[in-house]
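Below is one structure, written out as structure tokens; comments come after it.
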Amino acid sequence: FCLRRHIGKGPVVKWQASAHPACTVFSPDGAYVISCDLGMDKLLLYTMNYESGKLHRAIGKNVTMPEGSGPCRLVFSPDGRFVYVACALSAEVITLAYQKEAGLSLLERTSALSPEFSSDRTYTSDVHMTRGGRDLYVSNRGEDTVAHFRVDPQSGHIELRKSYSTHGWYPKEFLLTHDEQFLIAANLLSENLAIFRRDAATGALTLTQEVSTVNAPSALLEVYKER
């Protein structure tokens, strides 16, 4: 058992009065454990002793994110060269380059919202990428959408293709099924699931079903059997 406590805060008092570790992810090469801290606007990197299970701070490797951005989820590209961070408070995706020795370095910031959406009461919440690395999806609470980005695997650059309504309120999390044929969005406040079929060639989504018999869905997990 190992416990690491984060101490700090950010400028958005309502959300950042103290540290708030929102997710923890292993780098694909196993070199680091990376924690998104929404309250501190930081990505904190640790190395892990795989025999003892203890975490040690990776000195000089922490990343200070833009002030008030609130990083909450991250995903690596399939080749491990890029990291895409969903930032709850700034409603954007921040792209970083990754190398084992150098760690993480910021490349670009991209709004997660559709251009016509103007409200500042939107919080980006979840992010997933296809195994081929060409399509990135991000959910937005407030705008109540899943945004689809096309990815340039060479540069890591992302470009918004379309934002899809989740047909509910506050999509806190979504799931890309293992076969990548469906995307399921969990609307926390309207208590329903929106199920989309995904086009494998274009990444486009088409609503196929809504399920309303769910009590405040906040997380999704697929259980599947390998064939």
Side-chain angles (χ1 to χ4, degrees), residues 22-23 25 36 70-78 84-95 110-153 157-227:
C23 84
V25 174
C36 283
C72 63
R73 295 285 188 276
L74 70 82
V75 65
F76 274 84
S77 61
Y84 300 91
V85 182
C87 295
L89 304 183
S90 58
E92 64 182 334
V93 179
I94 294 183
T95 306
T110 308
S111 174
L113 307 177
S114 54
E116 60 271 16
F117 191 76
S118 59
S119 173
D120 60 355
R121 294 184 178 180
T122 286
Y123 310 101
T124 298
S125 54
D126 202 5
V127 59
H128 293 281
M129 176 174 273
T130 55
R131 286 189 294 275
R134 294 289 297 179
D135 296 298
L136 183 80
Y137 299 93
V138 179
S139 57
N140 297 298
R141 297 165 289 179
E143 186 183 38
D144 299 330
T145 58
V146 170
H148 168 220
F149 294 87
R150 203 64 166 172
V151 183
D152 181 341
H157 173 72
I158 63 174
E159 182 178 341
L160 179 66
R161 286 297 175 90
K162 188 173 181 178
S163 293
Y164 296 87
S165 169
T166 59
H167 299 267
W169 304 335
Y170 222 71
K172 189 173 187 295
E173 191 166 308
F174 68 95
L175 171 74
L176 190 61
T177 59
H178 182 69
D179 59 13
E180 299 186 341
Q181 292 185 22
F182 295 93
L183 185 149
I184 305 171
N187 292 301
L188 179 69
L189 298 186
S190 57
E191 299 190 325
N192 70 305
L193 304 180
I195 303 173
F196 298 87
R197 179 173 288 278
R198 176 180 170 273
D199 186 295
T202 66
L205 303 177
T206 302
L207 183 71
T208 61
Q209 185 180 359
E210 293 181 55
V211 179
S212 59
T213 57
V214 185
N215 184 23
S218 61
L220 295 168
L221 177 67
E222 180 184 12
V223 179
Y224 62 91
K225 183 177 181 180
E226 293 283 5
R227 294 182 179 179

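- Within the 3.5 Å criterion, the main-chain N or O of Ala88 finds no donor-acceptor partner in the side chain of Thr124.
- When atom types are taken as modelled, the side chain of Thr110 and the backbone of Ile94 share no donor-acceptor pair closer than 3.5 angstrom.
- Across all their heavy atoms, Pro78 and Gly132 have their closest contact at CG-C, 4.1 Å.
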Met129 and Ser77: CA distance, side-chain angles, deciding distance, side-chain contact (heavy atoms from CB on, under 4.5 Å) verdict: CA-CA 7 Å; Met129 176 174 273; Ser77 61; 4.2 Å; yes
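- Side chains of Val151 and Arg134 form no contact here, defined as non-hydrogen atoms less than 4.5 Å apart.
- Considering CG of Asp126 and OG of Ser139, their distance stands at 4.5 Å, rounded to 0.5 Å.
- Residues satisfying the side chain to side chain donor-acceptor pair (under 3.5 Å) test with Arg150, not counting sequence neighbours, are Asp135.
- In this structure Asn187 satisfies the side chain to side chain donor-acceptor pair (under 3.5 Å) test together with Thr166, Asn192, sequence neighbours excluded.
- Note that CG of Leu136 and NE2 of His128 are 10.0 Å apart. Values are rounded to the nearest 0.5 Å.
- Residues Asp199 and Thr206 have side chains not in contact (no heavy-atom distance under 4.5 Å, counting atoms from C-beta outward).
- Within the model, atoms CG of Asn140 and CZ of Phe117 stand 8.5 Å from one another, a figure rounded to the nearest 0.5 Å.
- Side-chain contact, Glu143 with Ser114: a donor N or O sits under 3.5 Å from an acceptor N or O.
- For the pair Glu180 (side chain) and Arg131 (backbone), a donor-acceptor distance under 3.5 Å is present.
- Listed for the Tyr84 side chain is no donor-acceptor partner under 3.5 Å among the backbone atoms of Val93.
- Expressed to the nearest 0.5 Å, how far CG of Asp144 lies from OH of Tyr170 amounts to 9.5 Å.
- Looking at Arg141, its side chain does come within 3.5 Å of a backbone N or O of Tyr123 through a donor-acceptor pair.
- With hydrogens and angles ignored, the 3.5 Å screen pairs a side-chain donor or acceptor of Thr202 with a backbone N or O of Ala204.
- A donor-acceptor pair under 3.5 Å links the side-chain atoms of Glu222 to the main chain of His178, judged by distance alone.
- Heavy-atom contacts from other residues, nucleotides or ligands closer than 6.0 Å to CZ of Arg121 number 12 or fewer.
- Taking each heavy atom of Pro153 and Gly133 in turn, the nearest pair found is CG-O, 4.4 Å.
- Formation of a donor-acceptor pair under 3.5 Å by the Ser190 side chain with backbone atoms of Trp169 is found in this model.
- For the atom pair OG1 (Thr208) and CG (Leu183), the distance works out to 10.5 Å, reported to the nearest 0.5 Å.
- To the nearest 0.5 Å, atom OG of residue Ser165 and atom CZ of residue Phe196 are 6.5 Å apart.
- Heavy atoms only, all atoms of each residue included: Val146 and Ala185 are closest at CG2-CB, 4.4 Å.
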Evaluation steps, side-chain contact (heavy atoms from CB on, under 4.5 Å), between Leu193 and Leu220: CA-CA 10 Å; Leu193 304 180; Leu220 295 168; 4.2 Å; yes
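- Looking at Thr177, its side chain does come within 3.5 Å of a backbone N or O of Phe182 through a donor-acceptor pair.
- A donor-acceptor distance shorter than 3.5 angstrom exists from the side chain of Glu191 to the backbone of Ala216, with no hydrogens or angles considered.
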Pair Cys36-Cys23, side-chain contact (heavy atoms from CB on, under 4.5 Å): steps then yes or no: CA-CA 5 Å; Cys36 283; Cys23 84; 3.8 Å; yes
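- Aromatic ring orientation, Tyr137 versus His148: parallel (interplanar angle below 30°, classes split at 30° and 60°).
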